Amino acid sequence: QIVALDKTGTITSGEPKVTDILPADGVTETELLTLAAALECKSEHPLARAVLAYAGAQQLNAPEVTDFAALPGNGLSAKLDGKEIFGGNAAFNGTKVTVPELAQAAAELSAQGKTPLFFGGAGRLLGVIAVADTIKEDSPRAIRELQAMGIKVVMLTGDNQRTADAIGKQAGVDAVIAG
């Protein structure tokens, strides 16, 4: 009666790409991207590969981090030169620093189907890097075929609700469960 599909790699191509870089005041794009790459080089997440590919295209070398930890569904943390750095979703970063300066921009990116990744260090937000994963060409048709068979199609994702809703709408699923 119901089929639950994962978003990344099932409904979408699973090959996300960096679409936007929004450094906080006083931070350069290079500083933000270097910190993000330092964290992401230890991660196995598909979004990490997108950030690393973009950093590589910019010919940035990621510094080595220590005390790396991946917190599934939340983000990453590590130490760089003895100071804590972190990256991940808004909820996780909200436990580390306040994010109001980029919250509106991140909400707009999410509404476009992009995933905003928040990065920070030394107790402050350093910026947001948005990543998008495109829907597979045949996903909407496959979903319609399942629905025509009387099957309710639910999309599951660890992504935030706004991004998930945007992708779910594009794909034509019956329900979205995010977070």
Side-chain angles (χ1 to χ4, degrees), residues 4-24 27 29 32-58 60 62 69-78 85-121 125-137 139-140 143 154-173 175-179:
L5 303 172
D6 182 48
K7 177 181 72 73
T8 305
T10 304
I11 292 176
T12 64
S13 68
E15 296 179 21
K17 301 204 179 329
V18 170
T19 59
D20 304 84
I21 297 181
L22 307 171
V27 178
E29 282 191 15
L32 173 58
L33 195 54
T34 299
L35 175 119
L39 266 174
E40 299 289 14
C41 71
K42 300 270 188 183
S43 175
E44 298 175 1
H45 197 281
L47 299 183
R49 288 194 296 272
V51 171
L52 292 172
Y54 189 86
Q58 306 299 313
L60 292 177
L71 307 157
N74 289 298
L76 310 168
S77 68
I85 60 172
F86 46 87
N89 63 36
F92 172 66
N93 281 291
T95 66
K96 304 277 185 190
V97 294
T98 55
V99 294
E101 62 186 282
L102 292 171
Q104 181 60 38
E108 291 170 11
L109 293 167
S110 292
Q112 297 168 21
K114 299 174 182 178
T115 301
L117 303 172
F118 293 80
F119 292 93
L125 177 69
L126 298 177
V128 173
I129 297 176
V131 177
D133 189 6
T134 57
I135 292 179
K136 288 181 182 175
E137 192 176 304
S139 288
I143 289 166
V154 177
M155 183 182 79
L156 302 175
T157 181
D159 215 333
N160 71 74
Q161 191 69 50
R162 280 191 135 157
T163 299
D165 287 341
I167 298 292
K169 184 176 180 181
Q170 292 171 30
V173 299
V176 171
I177 300 174

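Predicted, not measured: the structure shown is a model, and the values here were computed from it.
At least one side-chain heavy atom of Asn160 sits less than 4.5 Å from a side-chain heavy atom of Pro116. Taking 4.5 Å as the limit, some side-chain heavy atom of Gln161 sits within range of a side-chain heavy atom of Val176. Counting heavy atoms from C-beta on, the side chains of Leu109 and Leu22 come closer than 4.5 Å. Side-chain contact between Ile11 and Val173 is present, with at least one heavy-atom pair separated by less than 4.5 Å. Annotation: side chain of Tyr54 is in contact with side chain of Ile21 (closest heavy-atom distance under 4.5 Å).
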Step-by-step side-chain contact (heavy atoms from CB on, under 4.5 Å) determination, Leu76 to Lys42 = CA-CA 9 Å; Leu76 310 168; Lys42 300 270 188 183; over 6 Å; no
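Separating the CZ atom in Arg49 from the OG atom in Ser43 is a distance of 8.5 Å, to the nearest 0.5 Å. Leu60 contributes atom CG, which lies 11.5 Å from atom CG of Leu35 (distance to the nearest 0.5 angstrom). Atom CG of Asp165 and atom CD of Gln170 lie 11.5 Å apart (nearest 0.5 Å). Atoms CE and OG1, on Met155 and Thr8 in that order, are 8.5 Å from each other to the nearest 0.5 Å. The distance from the CD1 atom of Ile129 to the CD atom of Glu29 is 9.0 Å, given to the nearest 0.5 Å. Expressed to the nearest 0.5 Å, how far CG of Leu52 lies from CG of Leu47 amounts to 11.0 Å.
The minimum heavy-atom distance linking Ala38 with Cys41 is given by the pair O-SG, 3.3 Å. The two residues Ser139 and Thr10 make their nearest non-hydrogen contact at OG-O, 3.8 Å. Shown here for Val131 and Thr19, the closest heavy-atom pair between the two residues is N-OG1, 4.2 Å. Between Ile135 and Pro140 the shortest heavy-atom distance is CG2-CD, 3.9 Å. The two atoms that bring Phe118 and Leu125 nearest to each other are CD2-CD1, 4.0 Å, heavy atoms only. Between Thr157 and Ala164, the shortest heavy-atom distance links the atoms CG2-CB, 3.5 Å.
In this view, Ala175 and Lys152, Val154 satisfy the side chain to side chain contact (heavy atoms under 4.5 Å, CB included) rule, not counting sequence neighbours. Scanning for side-chain hydrogen bond (donor to acceptor under 3.5 Å, both in side chains) contacts around Gln112 gives Lys114, with sequence neighbours left out.
Applying side chain to side chain donor-acceptor pair (under 3.5 Å) to Asp133 and the options Thr12, Thr115, Thr163 leaves one that passes, Thr12.
At least one donor-acceptor pair under 3.5 Å links the side chain of Lys136 to the backbone N or O of Gly9.
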